[in-house]
Amino acid sequence: MKLPLSWLREYAPVESSVEVAEIAQRLTALKLEVESVELVGHDISGVVIARVLSIEELTEFKKPIRYCRMATEDGHELGHEGNFGVVCGATNFAVGDKVALATPGAVLPGGFEIGARKTYGKLSEGMICAADELGIGDDHSGILVLPAAAPLGADFVAYASLRDEVLDIAVTPDRGDCVSVRGVARELAIAYAVPFTDPADAGLPAHAGLGGDLGWVSSDVRAATIADPTACDRIVLRSVRGFQTGAATPLWMQVRLNRCGVRTVSLAVDVTNYLMLELGQPLHAFDNAKVTGTIEVRRGHPGERLETLDHVTRTLDPEDIVIADDSGAISLAGTMGGLSTEISDSTTDVLIEAAHFSPVGTAKMSRRHRLHSEASYRFERGVDRELPLRASAKAVAMLASLGSGTIVPGCQHAYVEVPPTRVSMAEDYPDRVAGVIYGLDTVTWRLRQLGCATEHDRATRVLTATAPSWRSDLNDPADLAEEVIRLEGYENVPVRRPRAFAGRGLTTRQRLRRAVGRGLAGAGYVEVLAAPFVSAADADALQLPPEDPRRQALALANPLSDDEPLLRTTLLPGLFRVLNRNVGRGFADAALFELGLVYLTRPGGRAVPPRLRVDRAPDFEELAALEAALPDQPLHVGLVLAGDRELPGWWGPGRHECWADAIEAARQIGEICQVKVDVRAEAQAPWHPGRCAAVFVQASDGSQQTEWLAGYAGELHPRVIQAFGLPARTSALELDMSTVLAAAERSGPVQAPVLSSYPLATQDVALIVDRAVPAADVEAALRAGAAAAGDGTLLEDVRLFDVYTGEQVGPGRKSLAYTLRFRAPDRTLTAAEVAEVRDAAVAAASERVGAELRTG
Amino acid sequence: MSGPSSNYDPVEVTPLSPDEVTRMRDEAIAAINAAADLGQLKAARIAHAGDRAPLTLANSEIGALPPQARAEAGKRVGAARGAVRQALADRTTELEAERDQQVLLTETVDVTLPWDRRPAGARHPVTMAADRLSDVFVAMGYEVAEGPEVEAEWYNFDALNFPPDHPARESQDTLFVAGPKEAGDGSGDPGHSGVVLRTHTSPVQIRAMLSRPLPLYVVSPGRCFRADALDATHSPVFHQIECLAVDEGLTMADLRGVIQAFVDAMFGEGLRTRFRPDYFPFTEPSGDVSMECHVCRGASTRAGGEPCRVCRSQGWIEIAGCGMVNPRVLIACGIDPGRYTGFAFGLGIERTLMIGHGVTDIRDTTEGDVRFSRAFGTEI
Ligand SMILES: [Zn+2]
């Protein structure tokens, strides 16, 4: 919100020697953050008030051009010395008018210099200024015509008080009172300990003008009633007769409105805006002649329609708050007026409405109609409910004096009593919040500065504050504590070094999650954080079958992009897009990973969570109902590889990534998490059906072993690669880390191995099996066979060192060469013992997977 | 060496004469020392220390001497052979060292050759910053609490004292999950789904207060979402970290202490912090915290000072919002505000990267360009 400092100083007379930067700092320290200070009017010079002596219409041009003789001093009349000529393109002035004249050598905003120059065949010795050329608005419809009383030859900047400092203040949403000169000036007066003049009390018309005191009700004013006190608890109507619509808004008001960033419209509208800025009370001006019958504040009727000032016809909601007359709704309360009763050029009777509408009601209404106005902005944040009588009185007084009208004596005033808010707290409560001893006197003094009435009970040491009508945000002891601490200065709250608290450090899951990230980075993968939004087309591009649960993605009601309205159920599409971006930027050899949540609809669909209360903790069932409305959100790890996994170089050729790299990553993740990983061939989208592994994790807590499917890894399906435009043979992995971590938690601590120092015995065996037999099965058979021989512990390790297919083993067959390592914990093994275990292992392989021992 | 003997027959045992033995020894040593490589040395060894070598033959003739002369001759020949063996050993060591030197020389490589076979991996700086920030609090005794990203409005707003019509709930700020089809009211008002993408990490505070015993000291890093347009300083997807303490007797002075300790740990000791009032529904009183610019330490604000990009020559950098937990929030979590007080403190993780690591465009944190993560390595 922009406010000129001169307006604030009018009600909070801070010494003129105080610099604006200092004022900005103090206000900021009081929670009125001054975001910027703009110096205005300081860049204008050489503009003086001049009188038009004569006008010569130059008709030989395409547009009207006038050549005027001007005077800046009395006695410089036509036929005398001292007057001079100016060419002007505007026509809204007449001989004798006073205008703002930029004389040769003048500077206008933006460093625009004015000189004497030849134009349209005449010497133009300056420029007659329009409002926009003087930095006061965007009006360029004609030049600025000044009142006849404007002093000839005077400096225009001084005359119009153009020199000012405009503060742009970020008012926090709790401080509705500070969306006005009145509220900010009150704070400024407190900050500098200067007397505050309340603009709501200043400049009120005399009783004579109103026909009585402020609240005097007269049937000469149109009647007003409140149908729904929850929508509005006060409405005041006043009116002005004989109003001259053509009357100009005075320059000082134009300047102030402009400094606040508000456009000049017409006198009636400008006056309501001016008072809204000054007091914070939105006002509405109706053309009284267009209003029929009596005014009522009520809720919208079903199907009722209203065309608002923005020429939009709106269908009203039964929750909407409207001002209605006998014809129906004529205004969206506190939001926007209706077109049918708009002030026009022919308006002579003005009806002023000042009301106090429900903050929630106006907030909902402006949201519902996507209509955010200066008025709704203020009502949403809370307007002083004691303002309508005063603000409306100031409004009719201004309209009458500036628009040559007459105040209709009295008002109509409908209201319901709303008791003021009283907040009680222990007298030392602010002290206990801040950790500072303020003492009762300081607390009381500070609250009174804000306008609170206070009572103190010595026996109970309870301080009760009655909040002023403009502070609807003071409802709790904490609110009062903040006020005291704020005024005493946040900076004066001491810094107390923390006392150590006994925490338990990271959980297993948290540690392992970090370890997986570090491990994958160490293995050459680069972590990325892709946005979790996907398109419906992604599921098809991934070749997901119709029943695949990954198709059950949650949709956003208001997605950032209509192309990606869904929440991801898999990390892969996001990784694919990041991969493509990197390839496009010249990084074709890319290995990427992401650790992030996916959002899975729970079986049975979703529920809408209950609206729980906040005045107590929810019970178990209520919390369960909230959880049931949320999707399952497991942590996944995803990874994609493209291009070379190892680069070519002086050492030789590179190695293109392949399905095995992705599966190896699964094993590495398992190792980091200390869980056993088992890999089995399985066809699963979006992977290549013949190059896809299902990854299982196993946990054994002593006696029993449990196994979970954690995810899949391998090379992607060629159609998926094509659909996403990925590099050929891109490989990928996706595991449910929640499952892996759950297995890790089940696994218990790692047990140290027993290290035998007896000699190692090795045996190599080559086994011929059907090509379809997985190597993992052969190894498992070897291990099982060895475990059944001797005491079952002699086989230390099995390692596959060669795979051979070709003529020597026959079609459809392959040879797998293993090194078996044997060792006993307590002795040197004999050749016979080794042979026995080896034979048992081979026999088991033969029995289980049909392996033949290859000889020679 | 013993002196000449008078008890032997000089005619029969010429080779054993002292002169002859000396000569043979000297010849042998000369040949050994003259060997230029291990091959020549081998030849010299065979010639002067082998089975047919003069000293070896002389040694075998000792037995032919009269008994009284054997000891004398044996001593003499033995000493000579010993000297030859020593010379052989010495020369062998010398020549082997020379040979090894030669071999190592020929094996010299260019050690500056690159070995970038496997492109480097990296963690994401946002992840690392989240870990590091968390660790600062963990070191103060806080535990890391987590929560879902798709969150019930009750946790994200209601329990945090956002009134039902708070502007932050509007769809221009909050991403709403669409309601189940069968529950739609036809109005198209997304607010009815009751489920949002969390707009801050504060709902984790509520979950922690509802599920953990008191006193409570937790820190919660995580991903958040707002319906913001993506530009250099705003991202609809971003990360926050918040700390929450609920205990008996906590005050704003304790809050300031934690903030100062945090700044000391993250940006180095000796930077002042500035504390100003602000408004958040879930804290009362609320504040925002700035720290003295760790780069220019305020020098950029003084006359003639170099401009500072990090603090935009303001001297102060806004780092966090904070406040005392609003008693209404405690009540919504079943905590007695008469007994317990709390404070909370939250900041943007991307923002700390901007402050501490010169990140100037927040889009770099979301695009996944490998150059960005790689620049930060695996620990920040
Ligand atoms: Zn700086």
Side-chain angles (χ1 to χ4, degrees), chain A residues 29 31 172 174 360 363-364 367 433-435 478 482 485-486 490 493-498 500-506 510 514 517-518 521 523-531 554-558 560 578 582 587 589 597 599 605-606 608-609 612 614 617 626 629-631 633 646-647 650, chain B residues 113 116-119 121-124 126-127 131 138 140-144 148-150 152 154 158-159 165 170-171 175-180 183 190 193-195 217 236-237 251-254 256-258 260-261 275-277 279 284-285 287 324 326-327 331-334 368 370 373-374 378:
Chain A
K31 205 165 97 168
T172 53
D174 55 326
V360 172
K364 280 186 173 171
R367 262 167 73 179
V433 171
E482 182 181 86
I485 298 164
R486 179 174 75 84
Y490 270 34
V493 173
V495 175
R496 186 156 78 162
R497 298 297 293 187
F501 179 78
R504 292 167 295 184
L506 299 181
Q510 288 161 350
R514 288 185 183 190
R518 279 198 207 100
Y525 293 90
V526 176
E527 186 177 20
V528 301
L529 298 171
L554 289 178
L556 290 178
N558 55 333
L560 293 164
V578 175
N582 278 292
F587 296 90
D589 305 313
L597 302 191
Y599 317 94
R606 293 194 322 109
V608 172
L612 301 185
V614 292
L626 284 186
L630 298 178
Q633 299 172 62
E646 284 169 21
L647 301 176
W650 57 267
Chain B
L113 284 174
D116 48 354
R117 288 182 80 152
R118 175 172 284 186
R123 296 169 75 210
H124 197 283
V126 164
T127 317
D131 288 354
V138 169
M140 288 192 256
Y142 288 64
E143 294 181 6
V144 178
E149 292 172 1
V150 176
W154 188 82
D158 298 65
D165 294 283
E170 291 192 37
S171 58
L175 291 168
F176 287 86
V177 171
S193 78
V195 178
Y217 290 83
V237 184
T251 68
M252 283 170 84
D254 296 304
R256 289 202 78 178
V258 167
Q260 188 64 55
F275 190 31
R276 284 176 164 174
Y279 170 77
E284 185 76 33
M324 302 304 291
N326 193 315
I331 289 168
C333 296
V370 294
S373 286
R374 273 187 191 144
T378 54

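Throughout, a chain's letter reflects where its sequence line sits, starting with A, and its residues are numbered from 1.
- Ranked by non-hydrogen atom pairs under 4.5 Å with chain A, the options B:E149, B:Q260, B:M140 are led by B:E149.
- When each of A:A363, A:A629, A:G517 is checked for heavy-atom pairs under 4.5 Å with chain B, A:G517 comes out on top.
- A:Y599 touches chain B through its side chain: at least one heavy atom from C-beta onward sits under 4.5 Å away, while N, CA, C and O do not.
- For A:Q633, the side chain to side chain donor-acceptor pair (under 3.5 Å) test picks out no residue, with sequence neighbours left out.
- In terms of heavy-atom pairs under 4.5 angstrom with chain B, the leader among A:V495, A:D589, A:V578, A:L529 is A:L529.
- When heavy atoms are compared at a cutoff of 4.5 Å, A:L554 approaches chain B solely by way of its side chain, counted from C-beta outward.
- Listed here is the closest heavy atom pair of A:Y490 and B:F275: CB-O, 3.3 Å.
- Here the closest non-hydrogen pair linking B:V195 and A:L630 is CG1-CD2, 3.9 Å.
- Contact count against chain B (heavy-atom pairs under 4.5 Å) is highest for A:V493 among A:T172, A:V360, A:V493.
- B:V370 and A:N582 get closest at one heavy-atom pair: N-OD1, 2.9 Å.
- The part of B:M324 that comes within reach of chain A is its side chain, from C-beta onward, which places non-hydrogen atoms under 4.5 angstrom from that chain.
- Pairing each heavy atom of B:P236 with each of A:L560, the nearest pair is CB-CD1, 3.3 Å.
- Looking at B:V237, only its side chain comes within 4.5 Å of chain A, counting heavy atoms on both sides.
- Here A:E646 pairs with nothing under the side chain to side chain donor-acceptor pair (under 3.5 Å) rule; sequence neighbours left out.
- The backbone N or O of B:H124 lies less than 3.5 Å from a partner atom in the side chain of A:E527, making a donor-acceptor pair.
- Side-chain atoms of B:E143 come within 3.5 Å of backbone atoms of A:R504 as a donor-acceptor pair (strictly under, hydrogens ignored).
- Pairing each heavy atom of A:V526 with each of B:S373, the nearest pair is CG1-CB, 3.5 Å.
- Residues B:L175 and A:N558 are in side-chain contact: their nearest non-hydrogen atoms beyond the backbone lie under 4.5 Å apart.
- Here the side chain of A:R486 pairs no donor or acceptor atom with the backbone of B:P277 at under 3.5 angstrom.
- Interface remark: of the candidates B:A253, B:A159, B:G334, B:A253 forms the most heavy-atom pairs closer than 4.5 Å to chain A.
- Across all their heavy atoms, A:A617 and B:C333 have their closest contact at CB-C, 3.6 Å.
- Using a 4.5 Å cut-off between heavy atoms, A:L556 touches chain B through backbone and side chain atoms alike.
- Heavy atoms closer than 4.5 Å to chain B are found in both the backbone and the side chain of A:A555.
- When heavy atoms are compared at a cutoff of 4.5 Å, B:P327 approaches chain A solely by way of its side chain, counted from C-beta outward.
- In this structure, the portion of B:V138 lying under 4.5 Å from any heavy atom of chain A is its side chain and not its backbone.
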